Undergrad: 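Handing you this structure, nothing more for now.
Counting convention: from 1, in listed order, for ligands and their atoms alike. Predicted model only: the values in this text are computed from it and were never measured. Sequential numbering from 1 along the given sequence is applied to the chain's residues.
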Amino acid sequence: MGEKHINVFETAQQQVRQACDKLGADPAVYEILKNPMRVLEVAIPVKMDDGTVKSFIGYRSQHNDAVGPFKGGVRFHPDVTMDEVKALSTWMTFKCGVVGIPYGGGKGGIVVDPSELSQGELERLSRGFARAISPIIGERVDIPAPDVNTNGQIMAWMVDEYHKATGRFEPGVLTGKPVNFYGSLARTEATGYGAAIMARDAAKKIGMSLQGATVAIQGFGNVGSYAAVYIEEMGAKVVAVSDASCCLVKEDGLDIPALVEYTKANKLIKGFPAAQKELDRNQLVTMDVDILIPCALENQITAENAGNIKAKIISEGANGPTTLEADKILDEKGIVLVPDILANAGGVTVSYFEWVQNLMRYTWTFEEVQEKQEQLMVKAFEEIWGLKEEHGVNMRVAAYMMSIKRVADAMKLRGWY
Ligand SMILES: NC(=O)C1=CN([C@@H]2O[C@H](COP(=O)(O)OP(=O)(O)OC[C@H]3O[C@@H](n4cnc5c(N)ncnc54)[C@H](O)[C@@H]3O)[C@@H](O)[C@H]2O)C=CC1
Ligand SMILES: O=C(O)CCC(=O)C(=O)O
């Protein structure tokens, strides 16, 4: 079996195990954290436009709520599995711990290729999922948000359906909503912005100037496109971008605003006229660049390609892009890797700000939100960098050590062990 088929839930468990061992944590801590507290599987019947009924499988995994309500996105993708959702919910617990926001971890997903659905079918599926999980979510219980192939409109439908199913109008039951329906300014930009900030701070640590530094970005959806916009704003040059369709290259820098406009009209990056070359999408990871920002899916940096990676910094915008074997290879090569639970924590951080604004029925400006996001992420980065130096571990292990301690303390105080 190739590394691409690695079970990401086993990866997540091993990441937690490794950090628990390094911390010398009470064995009860890993025993509790190795499995989600609850996983719900639902079948969602949807009336299709042709009059037939199709049943879609969906999941909501609630990993741990010792610190606060479960929190995490919902993904619509044909490759969604229960184990993937369990892994993603585990990562959410520790991501919230890294930035110190009062949430535990959750995640959801539906096995579907949404590009095959009409707008009406997509709405009925989204509403069906919200109805199916409504008994276990709530503004103070479990708060879903967008992830791969989901967006603000889908969140708005889900808030409406939750209201219909429960009789409770709680806009804070989901985050990542449109700005004119209880959403927060700067949420759409937040994950990519954060991944760029983390690459910037890693560059500072190793004495790399961002001015003219070359960057490759895998994935050009919500996270990848904003990572590109912001890293360019910070002075770097985005020379390669990939998505599901291909990899675009331009040695003196791609015109990112034009590429963003192009994808709004064409969905995928393929055919963008201002690129120099169009390559196979898998060629991006090993390109000769200073900074690599993976913003697509799991298991992209593997034992097969890690040895050929030339970037000196990796900022993981995606969840789980690097396998355990690849991590070891990158360590040996001295590459600084900012792990997903820190590098992409900007999304959930601004989701938290959205939720706070919803509970207060108040709004902050775009600048206020971005400033608060940057403060939290930079503080977490510095703490993790300090721990890495102190314990001689990589940033991933350091991030888990810091976060596991927070969750373990809460579990201890609550008497769970
Ligand atoms: N949206 C958010 O706020 C957050 C997302 N993430 C993670 O970031 C990653 C991307 O999420 P979004 O940008 O929201 O999703 P999206 O659906 O907006 O974009 C995904 C992008 O990845 C591309 N892609 C898919 N397969 C690929 C492949 N094999 N090679 C290259 N590109 C490929 C797609 O074409 C698309 O451009 C996921 O791992 C997600 O879990 C993490 C934190 C928050
Ligand atoms: O915004 C959120 O609540 C969660 C985003 C998410 O799913 C993630 O960080 O992976």
Undergrad: Atom 40 (C) of ligand 1: which protein heavy atom is closest, and how many Å away?
TA: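 Closest protein heavy atom to atom 40 (C) of ligand 1: Asp147 OD1, 3.2 Å.
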
Undergrad: Give the C-alpha distance, both sets of side-chain angles, the deciding distance and a yes or no for side chain to side chain contact (heavy atoms under 4.5 Å, CB included) between Lys312 and Ile291.
TA: CA-CA 6 Å; Lys312 294 165 204 77; Ile291 298 170; over 6 Å; no

Undergrad: Is any NZ, NE, NH1 or NH2 atom of the basic residue among Asp340 and Lys95 found under 4.0 Å from an Asp or Glu carboxylate oxygen of the other?
TA: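 Looking at Lys95 together with Asp340, the answer is no, because their closest N to O distance does not fall below 4.0 Å.
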
Undergrad: Would you list the pairs meeting ring pair (Phe, Tyr, Trp, His ring centres under 6.0 Å) in which at least one residue belongs to residues 269-291, sequence neighbours left out?
TA: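 Checked against ring pair (Phe, Tyr, Trp, His ring centres under 6.0 Å) - neighbours excluded - the pairs reaching residues 269-291 are Tyr262-Phe272.
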
Undergrad: Apply the test ring-ring contact (aromatic ring centres under 6.0 Å, His included) to residues Phe94 and Tyr400: give CA-CA distance (whole Å), side-chain angles for both, the deciding distance (0.1 Å), then the verdict.
TA: CA-CA 7 Å; Phe94 302 109; Tyr400 275 96; 5.6 Å; yes

Undergrad: Suppose I only count heavy atoms of Gly317 and a 4.0 Å limit; which atoms of ligand 1 are within that range?
TA: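 Those qualifying, in numeric order: 6 (N), 7 (C), 8 (O), 42 (C).
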
Undergrad: Take Glu382 and Lys205 through the salt bridge (charged side-chain N to carboxylate O under 4.0 Å, His left out) test and state the conclusion after the steps.
TA: CA-CA 10 Å; Glu382 289 299 333; Lys205 291 285 182 200; 2.9 Å; yes

Undergrad: Do Gln218 side-chain atoms and Ile293 backbone N/O form a donor-acceptor pair below 3.5 Å?
TA: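 The answer is no, because no donor-acceptor pair under 3.5 Å joins these two groups.
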
Undergrad: Quick one: nearest non-hydrogen protein atom to atom 1 (O) of ligand 2, plus distance?
TA: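 Here the closest protein heavy atom is Ser351 OG, 2.6 Å.
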
Undergrad: Polar-atom distance check: Met92 versus ligand 2, any N or O pair below 3.5 Å?
TA: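 No - when backbone and side-chain N and O of Met92 are compared with those of ligand 2, no distance drops under 3.5 Å.
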
Undergrad: In the protein, which heavy atom is nearest to atom 18 (O) of ligand 1, and how far is it?
TA: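 So the nearest neighbour among protein heavy atoms is Asn222 N, 2.9 Å.
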
Undergrad: Please report which non-hydrogen protein atom sits nearest to atom 26 (N) of ligand 1, along with the residue it belongs to and the distance in Å to one decimal place.
TA: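 Going atom by atom, the protein heavy atom closest to atom 26 (N) of ligand 1 ends up being Leu297 CD1, 3.8 Å.
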
Undergrad: Salt bridge or not for Asp243 and Lys270, using N-O below 4.0 Å?
TA: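 No, this pair does not count.
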
Undergrad: Relative to the heavy atoms of Gln218, which atoms of ligand 1 are at a distance of less than 4.0 Å?
TA: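 Heavy-atom distances to Gln218 below 4.0 Å select 30 (N), 31 (C).
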
Undergrad: Taking Asp255 for its side chain and Ala274 for its backbone only, find out whether a donor-acceptor pair lies under 3.5 Å.
TA: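 Flag not set: sc Asp255 to bb Ala274 has no pair under 3.5 Å.
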
Undergrad: Between Thr191 and ligand 1, does any nitrogen or oxygen pair lie at a separation below 3.5 Å?
TA: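 Yes; the residue has a nitrogen or oxygen that sits under 3.5 Å from a nitrogen or oxygen of the ligand.
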
Undergrad: Would you mind telling me if ligand 1 is within reach of the side chain of Glu189, the backbone, both or neither, using heavy atoms under 4.0 Å?
TA: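 Glu189 to ligand 1: no contact under 4.0 Å from either part.
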
Undergrad: When you measure from the side chain of Gln14 to the backbone of Leu324, do you find a donor-acceptor pair of N or O atoms at a distance under 3.5 Å?
TA: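 Looks like no, no N/O pair under 3.5 Å.
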
Undergrad: Looking only at heavy atoms, is any part of Arg75 under 4.0 Å from ligand 2, and if so is it the side chain, the backbone, or both, or is it neither?
TA: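 The answer is neither.
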
Undergrad: Are any of the N/O atoms in Pro146 less than 3.5 Å from those in ligand 1?
TA: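 Checking ligand 1 against Pro146, no N or O pair falls under 3.5 Å apart.
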
Undergrad: Kindly state whether the ring of Phe129 and the ring of Tyr59 have centres lying under 6.0 angstrom apart.
TA: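 They do not qualify: ring centres at least 6.0 Å apart.
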
Undergrad: Test of understanding: given a 4.0 Å heavy-atom threshold, classify the contact between Asn319 and ligand 2 as side chain, backbone, both, or neither.
TA: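 For Asn319, the contact with ligand 2 is made by the side chain alone.
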
Undergrad: Among all protein non-hydrogen atoms, which one is nearest to atom 5 (C) of ligand 1, and what is the separation to 0.1 Å?
TA: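 Looking only at protein heavy atoms, the one closest to atom 5 (C) of ligand 1 is Val223 CG2, 3.4 Å.
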
Undergrad: Ligand 2 and Asn344, any nitrogen or oxygen pair closer than 3.5 angstrom?
TA: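 It does not: no N or O of Asn344 is found under 3.5 Å from an N or O of ligand 2.
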
Undergrad: Using only atom types and a distance under 3.5 Å, with no angle test, would you say the side chain of Glu316 pairs donor to acceptor with the backbone of Leu337?
TA: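 Side chain of Glu316 to backbone of Leu337, a donor-acceptor pair under 3.5 Å: no, none is there.
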
Undergrad: How close does the nearest protein non-hydrogen atom get to atom 6 (C) of ligand 2, and which residue and atom is it?
TA: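 Nearest neighbour among protein heavy atoms for atom 6 (C) of ligand 2, to 0.1 Å: Lys107 NZ, 3.5 Å.
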
Undergrad: Show which atoms of ligand 2 fall inside a sub-4.0 Å distance from at least one heavy-atom site of Gly73.
TA: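 Answer, ordered by atom number: 4 (C), 6 (C), 7 (O).
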
Undergrad: Does Gly176 have a non-hydrogen atom less than 4.0 Å from ligand 2?
TA: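 No; Gly176 lies far enough from ligand 2 that no heavy-atom distance drops under 4.0 Å.
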
Undergrad: Any idea which protein heavy atom is nearest atom 24 (N) of ligand 1, and the distance to it?
TA: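 Result for atom 24 (N) of ligand 1: Ala244 N, 3.7 Å.
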
Undergrad: Pairs of nitrogen or oxygen atoms closer than 3.5 Å, one from Asn319 and one from ligand 1: do any exist?
TA: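 For ligand 1, there is an N or O atom that lies under 3.5 Å from one belonging to Asn319.
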
Undergrad: For Ala165 versus Ser134, what's the shortest heavy-atom pair and its separation?
TA: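 Heavy-atom minimum between the residues: CB-OG, 3.8 Å.
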
Undergrad: Which of the numbered atoms in ligand 1 are under 4.0 angstrom from any heavy atom belonging to Arg187?
TA: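 Counting atoms of ligand 1 from 1, those under 4.0 Å from Arg187 are 3 (O).
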
Undergrad: Within the 3.5 Å criterion, strictly below it, is a donor on Ser245 or Arg281 matched to an acceptor on the partner's side chain?
TA: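 Absent: no donor and acceptor within the cut-off.
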
Undergrad: Is the distance between the ring centroids of Tyr103 and Tyr352 under 6.0 Å?
TA: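 Aromatic pair counts; centres sit under 6.0 Å.
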
Undergrad: With heavy-atom distances below 4.0 Å as the criterion, list the atoms of ligand 1 near Ser242.
TA: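 Ligand 1 atoms under the 4.0 Å threshold to Ser242: 31 (C).
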
Undergrad: Geometry only, no angles: is Asn344 polar-contacting ligand 1 at N/O separations under 3.5 Å?
TA: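 N/O-N/O distance below 3.5 Å does not exist for this pair.
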
Undergrad: For ligand 1, does Cys295 get within less than 4.0 Å through its side chain, its backbone, both, or neither, judged by non-hydrogen atoms?
TA: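 Within the 4.0 Å criterion, Cys295 contacts ligand 1 through backbone atoms alone.
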
Undergrad: What do we get for Asp243 next to ligand 1 when only non-hydrogen atoms under 4.0 Å count, side chain, backbone, both or neither?
TA: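 Both parts.
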
Undergrad: Counting non-hydrogen protein atoms only, what is the nearest one to atom 21 (C) of ligand 1? Give residue, atom name and distance.
TA: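 Minimum-distance protein heavy atom for atom 21 (C) of ligand 1 reads Gly221 N, 3.8 Å.
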
Undergrad: Got a salt bridge between Asp331 and Lys333, using NZ or NE/NH1/NH2 to carboxylate O under 4.0 Å?
TA: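 Not counted as a salt bridge, because no side-chain N and carboxylate O are separated by less than 4.0 Å.
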
Undergrad: List ligand 2 atoms under 4.0 Å from Gly347, heavy atoms only on the residue side.
TA: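 What qualifies from ligand 2 is 1 (O).
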
Undergrad: Run the numbers for me: atoms of ligand 2, each under 4.0 Å from some heavy atom of Ala145, listed by number.
TA: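 Those of ligand 2 that fall under 4.0 Å from Ala145 are 1 (O), 2 (C), 3 (O).
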
Undergrad: Would you say Arg75 contacts ligand 1, with heavy atoms under 4.0 Å as the rule?
TA: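 Contact check Arg75 vs ligand 1: positive.
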
Undergrad: Is any N or O atom of Phe220, backbone or side chain, closer than 3.5 Å to an N or O atom of ligand 1?
TA: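 Yes, there is a polar N/O contact under 3.5 Å.
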
Undergrad: Would the distance check show the side chain of Lys177 and the main-chain N or O of Pro171 forming a donor-acceptor pair, the cut-off being under 3.5 Å?
TA: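 Pair found, side chain donor or acceptor close to backbone of Pro171.
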
Undergrad: I'd like to check which ligand 1 atoms, numbered from 1 as shown, lie under 4.0 Å from a non-hydrogen atom of Asn149.
TA: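 Matching atoms, with element in brackets: 17 (O).
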
Undergrad: Which is closest to atom 5 (C) of ligand 2 in terms of heavy atoms, Arg187, Lys71, Lys95?
TA: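 Among Arg187, Lys71, Lys95, the closest heavy atom to atom 5 (C) of ligand 2 comes from Arg187.
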
Undergrad: Got the closest protein heavy atom to atom 30 (N) of ligand 1, with its distance?
TA: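 Scanning the protein heavy atoms, the shortest distance from atom 30 (N) of ligand 1 goes to Arg281 CD, 3.7 Å.
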
Undergrad: Indicate yes or no: does Lys372 engage Glu368 in a salt bridge with an N to O separation below 4.0 Å.
TA: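 No, this pair does not count.
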
Undergrad: Show me the pairs that pass side chain to side chain donor-acceptor pair (under 3.5 Å) and involve residues 229-239, at least two apart or across chains.
TA: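 For residues 229-239, and leaving out neighbouring residues, the side chain to side chain donor-acceptor pair (under 3.5 Å) pairs sorted by first residue read Tyr230-Gln370.
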
Undergrad: Which residue supplies the protein heavy atom nearest to atom 39 (O) of ligand 1, what is that atom called, and how far is it?
TA: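 Of the protein heavy atoms, Ala296 O, 2.9 Å lies nearest.
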
Undergrad: Could you tell me whether the side chain of Gln276 and the main chain of Glu251 form a donor-acceptor pair under 3.5 Å?
TA: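 Such a contact is found between Gln276 side chain and Glu251 backbone.
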
